[in-house]
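Before any comments, here is the structure.
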Amino acid sequence: MAGPADAPSVSEPNKAEEERALVAIFSAYTVSATFWLIVATAVGLLVAVKFIFPDFATSPLASFGRLRPIHTNGTFFAWASPALVGLALYIAARSSGTRLYSPRLAWIALILLNLAALCGTITLDLGYNAGDQEYREWLWWIRVIFGAGIALTTWNLIATVATREDEDLYLSNWYTISATIQAIIITLVALLPWYQIGLGQVAVQGYFMHNAVGMWFTPITLGIFYYALPKLLNRPIYSYSLGILAFWTNLIFYPIIGSHHFLFSPLPWWLQTTAIVFSIAMVVPVAGGSANFLLTMQGRGDWMYRSPAMFFLVGVLGYFFGSVQGSVEALRSMQQIWHLTNYTVSHSHLTMYGFVTFTIWGGIYALLPRATGREPYNLLVGVHFWLSTVGMMIYVVALGIGGTEQGLDWIRGAPFIESVVDQTPYWLWRAVGGGLMFLGHLVFAFNVWSMIWGPVRAAEPVPAAAGVPA
Amino acid sequence: MNAANAKLLSIVGGAGAVYLGLAVLMGVLPGAWLSRTPPGPGVKPLTAEEDLGREVYVSEGCSYCHTQQVRPLSTDTPFGRPSAPGDFAYQTPELLGSERNGPDLTNIGARQPSTVWQYMHLYQPRSVVPQSIMPAFPWLFRVVDRLPPGETAVPIPKAYAPEHGFVIPTKRGKALVAYLLSLKQPPLPGQKALAPTAPAAPAASAEANAAAPAGANAAAGAKLFADRCAVCHGATGEGVPGAFPSLKGDPVVNAASAKEQIRTVLFGLQGKKIGDTSYSAAMPPFADQLSDDDIMQIINHERSSWGNHAPLITAKDVAAERSSKP
């Protein structure tokens with residue numbers, strides 16, 4: 001395959017130039033994502049406070065119904081997605097031992113993703129909501145801009161790994177590239193209107209909301225795991241073939257289970273039942289993936305506890321427990337209690353925060369300092385870790401218990417308002433947890449600053465090295 | 001193509017093709033098939049105004065707290081009959097929702113048909129439901145110094161009313177309420193329009209049962225009142241001054257004959273001056289929604305609570321009034 005990267009005569013200054021371009025792109029994606037993390041979670045905190053003081057900041061621009069989708073779309077598509085794309089680009093080039101195919105495409109994609117985030121946030125705040133359907137509230141043309149950003153990324157990733165030297169394609173890239181292709185398909189299916197009328201749209205929403213999480217965020221996040229964790233621990237992944245098994249089983253089981261979000265709805269019963277069966281089958285890829293990561297970490301405890309690998313530990317646990325919880329939730333008997341309650345909100349924070357967000361942080365702390373040669377302050381990485389971990393635990397436990405109580409109130413047949421009043425203490429704890437998480441994000445922002453513009457500081461050497469991906 | 005790229009193509013292309021197939025199978029095809037669900041009997045498209053109201057509903061994100069799907073579960077019986085596929089024929093975007101911080105609204109037009117209540121509640125939910133955490137939507141209203149002809153002011157209680165002037169709904173506010181009132185489940189074929197009698201509540205204390213006529217049950221009456229009447233008359237029967245009358249010490253509730261009280265609940269009431277106040281809101285009729293037994297329970301609850309002491313009634317009394325429609 002003929003391409004500019006094939007030229008074997010890359011001169012040394014050229015190589016340094018390419019290196020600088022890659023690091024600049026990785027840094028820019030991280031900075032932009034961090035900015036949106038702060039915005040979206042500040043909004044989340046405000047929304048949490050409104051459950052306790054419903055008359056706080058009453059104005060159309062600050063109303064709950066407009067801010068909630070800003071928070072969810074912001075964390076999904078303005079924070080997590082660009083952060084993951086930045087990591088994926090960096091990993092593609094590094095694991096293939098080549099340069100990034102096109103820095104320019106990467107910059108254009110970054111601009112598109114930010115443009116989408118900006119337009120999406122502003123239009124939602126002005127009350128332009130595409131239809132109150134979770135995670136696709138942005139108007140259609142904004143989702144087209146976002147999709148274009150992901151499409152450019154796909155092209156860039158494929159073209160980058162196509163110029164690799166090895167025949168083998170490192171597992172991370174399987175996950176990240178497939179994820180971007182799936183994201184394009186998901187975006188398209190969600191956009192086209194012909195098969196989305198009335199109940200038809202309910203079916204598509206079940207598909208969309210679920211696949212956005214499980215076929216975009218989950219695989220690309222796992223891709224980060226497979227590269228950054230071995231790098232950080234300085235040892236190869238425990239089992240490469242287990243990773244491959246998890247890849248294919250996730251691909252086949254996951255797309256089938258979307259309609260478990262609409263159990264007991266008028267969607268056809270067989271569709272709901274199929275969804276339940278495969279929700280249980282999901283234990284295979286989830287347990288396989290989690291075991292693989294945990295076994296990779298095993299025996300590293302002495303060193304891990306003061307390294308960013310701790311973020312990966314929370315990430316695996318979030319992945320495992322969040323997914324198993326999802327499988328259990330899908331059972332009809334459990335749904336009778338939990339469906340439509342705050343328990344769901346607890347679940348989505350365990351997965352999107354505990355798993356996805358913690359893994360992104362682990363990836364950034366593991367790779368960005370290597371790229372820039374600037375280590376963050378270990379103490380502040382620890383402060384970030386503990387604020388976010390403790391905050392999340394409070395959040396997830398409070399709404400987990402609160403949601404259960406809410407469901408039991410309904411089963412008991414209490415007047416509805418009792419289920420509202422009974423939530424008050426849990427909503428208060430949620431806001432406390434959310435406050436800690438937000439403080440953690442501020443510390444993270446400072447750490448990003450020090451990894452990019454702070455003083456040059458070398459990393460503490462990691463003992464032992466064998467078989468680490470290039 | 002070299003071996004390396006053949007490998008890349010087979011993994012990435014293979015996975016992409018498998019996923020595309022599954023996406024069509026699990027997303028597009030069910031969508032296409034279900035999009036053709038015909039409307040159920042009695043399910044009508046929205047009027048232009050109701051449609052605008054639906055847009056307001058979407059734009060203000062009401063469905064982040066309110067579902068519009070009644071599941072075939074006991075938890076959902078207060079919200080209406082289970083939703084049927086044909087109910088959603090004209091609902092695009094669909095608003096089934098995923099979180100029930102507030103009650104399901106599938107049948108709110110039947111449950112709470114009072115426009116005045118809806119306006120007060122939207123302007124400030126806590127003016128009618130003190131424990132509510134629902135946001136206020138004052139921007140769906142405007143404050144005028146003089147009432148334009150044909151407009152009625154929303155009777156906002158003092159604590160929440162603006163310093164001066166009258167509160168009237170904007171076009172969008174009116175449309176939203178028109179939409180909410182349009183949310184009524186048409187009965188399924190073969191289903192009686194009358195709501196089933198509430199499931200037997202836990203037995204009340206022996207004392208309460210001894211004092212009451214056969215069939216009366218204090219706990220059931222209190223629950224029905226909380227579900228159906230408390231939104232306007234308040235959990236303690238004290239109403240909302242100027243908007244909904246207090247039933248505590250009310251002459252009709254304490255009269256020896258319950259005739260007027262029964263008829264009010266069955267057939268509604270509007271334009272009656274109670275004490276010194278004439279109420280702009282109407283009391284909705286409950287004849288279609290509550291059985292004789294339910295109404296008996298509620299009335300006996302009113303007649304024996306909050307310091308009221310009046311003779312209790314039986315379901316037969318209600319049946320007698322129901323059959324002598326005005």
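The sequence lines fix the lettering, A, B, ..., with proteins before strands; numbering per chain opens at 1.
Heavy-atom pairs under 4.5 Å with chain B peak, among A:Val204, A:Thr58, A:Asp409, at A:Thr58. In terms of heavy-atom pairs under 4.5 angstrom with chain A, the leader among B:Ser63, B:Pro103, B:Ala32 is B:Pro103. Between chain A and the residues B:Met134, B:Arg54, B:Arg36, B:Gln124, the most heavy-atom pairs under 4.5 angstrom are made by B:Gln124. For the set B:Ala15, B:Gly27, B:Cys65, the entry with the most heavy-atom pairs within less than 4.5 Å of chain A is B:Ala15. When B:Pro30, B:Ser132, B:Pro93, B:Pro125 are compared by the number of non-hydrogen pairs under 4.5 Å with chain A, B:Pro93 comes out ahead. Among the candidates A:Ile417, A:Leu169, A:Ile181, the residue making the largest number of heavy-atom pairs closer than 4.5 Å to chain B is A:Ile417. Heavy-atom pairs under 4.5 Å with chain A peak, among B:Thr37, B:Leu29, B:Val28, B:Val12, at B:Val28. With respect to chain B, the highest number of heavy-atom pairs below 4.5 Å among A:Leu188, A:Ile185, A:Leu67 belongs to A:Ile185. When each of A:Pro69, A:Gly403, A:Gly407 is checked for heavy-atom pairs under 4.5 Å with chain B, A:Pro69 comes out on top. With respect to chain B, the highest number of heavy-atom pairs below 4.5 Å among A:Ile177, A:Ile52, A:Asp55 belongs to A:Asp55. Ranked by heavy-atom pairs under 4.5 Å with chain A, the list B:Ala23, B:Gly31, B:Ser35, B:Ala226 is led by B:Ser35.
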task: I would like to know whether A:Leu340 and B:Arg71 meet side chain to side chain contact (heavy atoms under 4.5 Å, CB included); could you show each step before the answer?
output: CA-CA 11 Å; A:Leu340 309 179; B:Arg71 301 169 298 169; 3.8 Å; yes
task: Please report the C-alpha distance between B:Leu8 and A:Val161 in whole Å, then the side-chain angles of each, then the deciding distance to 0.1 Å, and finally whether the side chain to side chain contact (heavy atoms under 4.5 Å, CB included) criterion is met.
output: CA-CA 8 Å; B:Leu8 171 65; A:Val161 300; 3.7 Å; yes
- request: Go through the steps to decide whether B:Asn101 and A:Val420 satisfy the test side chain to side chain contact (heavy atoms under 4.5 Å, CB included), and finish with yes or no.
  value: CA-CA 7 Å; B:Asn101 289 320; A:Val420 178; over 6 Å; no
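For the pair A:Ser63/B:Glu60, a side-chain contact is recorded, criterion being any heavy-atom separation below 4.5 Å from C-beta on. A heavy-atom distance below 4.5 Å is not found between the side chains of A:Val202 and B:Leu34. Side-chain atoms of B:Arg100 and A:Trp410, non-hydrogen and from C-beta on, do get closer than 4.5 Å to each other. Counting heavy atoms from C-beta outward, B:Ser98 and A:Thr344 have side chains that stay 4.5 Å or more apart.
Proximity of a side-chain donor or acceptor of A:Gln133 to a complementary backbone N or O of B:Glu94 within less than 3.5 Å is detected. Of the possible donor and acceptor atoms, one in the side chain of B:Lys223 sits under 3.5 Å from a partner among the backbone N and O of A:Gly413.
Separating the OH atom in B:Tyr64 from the NE2 atom in A:His71 is a distance of 12.0 Å, to the nearest 0.5 Å. Interatomic distance, CD1 of A:Ile197 versus CD of B:Gln91, reported as 13.5 Å (0.5 Å rounding). For the atom pair A:Leu251 CG and B:Tyr19 OH, the distance stands at 9.0 Å (nearest 0.5 Å). Here the straight-line distance linking atom CD of A:Gln182 with atom CG of B:Leu20 works out to 10.5 Å at 0.5 Å rounding. Separating the CH2 atom in A:Trp174 from the CD1 atom in B:Ile11 is a distance of 3.5 Å, to the nearest 0.5 Å. The structure places CH2 of B:Trp33 at 9.0 Å from CG of A:Leu199, a figure rounded to the nearest 0.5 Å.
The two residues B:Thr92 and A:Gly198 make their nearest non-hydrogen contact at OG1-N, 2.9 Å. Heavy atoms only, all atoms of each residue included: B:Met26 and A:Ile256 are closest at CE-O, 3.5 Å. Contact record, A:Pro54 with B:Ile133: CB-O, 3.6 Å, taken as the closest heavy-atom pair.
For A:Phe247, the part lying under 4.5 angstrom from a heavy atom of chain B is the side chain only. With a 4.5 Å cut-off on non-hydrogen atoms, B:Val56 does not touch chain A at all. The part of B:Phe79 that comes within reach of chain A is its side chain, from C-beta onward, which places non-hydrogen atoms under 4.5 angstrom from that chain. Using a 4.5 Å cut-off between heavy atoms, B:Asp227 contacts chain A through its side chain alone, with no backbone atom that close. Neither the backbone nor the side chain of A:Thr274 has a heavy atom closer than 4.5 Å to any heavy atom of chain B. Heavy-atom distances place the backbone of A:Asp166, and not its side chain, under 4.5 Å from chain B. Looking at A:Glu165, neither its backbone nor its side chain comes within 4.5 Å of chain B, counting heavy atoms on both sides. A:Gln423 does not touch chain B: none of its heavy atoms, backbone or side chain, sits under 4.5 Å away. With a 4.5 Å cut-off on non-hydrogen atoms, A:Ile158 touches chain B through its backbone and its side chain both. Residue B:Ala136 touches chain A through both its backbone and its side chain, counting heavy-atom pairs closer than 4.5 Å. In this structure, chain B has heavy atoms under 4.5 Å from both the backbone and the side chain of A:Ile411. With a 4.5 Å cut-off on non-hydrogen atoms, A:Arg164 touches chain B through its side chain but not through its backbone. For A:Gln201, the parts lying near chain B are the backbone and the side chain together; criterion is any non-hydrogen pair under 4.5 Å.
Taking a 6.0 Å sphere around CZ of A:Phe56, one finds it holds 12 or fewer heavy atoms contributed by other residues, nucleotides or ligands.
In summary, the side chains of B:Thr75 and A:Gln336 do not present any donor paired with an acceptor at a separation below 3.5 Å, with no hydrogens or angles considered. A donor-acceptor pair shorter than 3.5 Å cannot be found between the side chains of B:Tyr57 and A:Asn129.
The existence of a salt bridge linking B:Lys7 and A:Glu167 is excluded, since no basic side-chain nitrogen approaches an acidic carboxylate oxygen closer than 4.0 Å.
Looking at residues two or more places apart in sequence or on another chain, you find a ring-ring contact (aromatic ring centres under 6.0 Å, His included) between B:Phe137 and B:Trp139.
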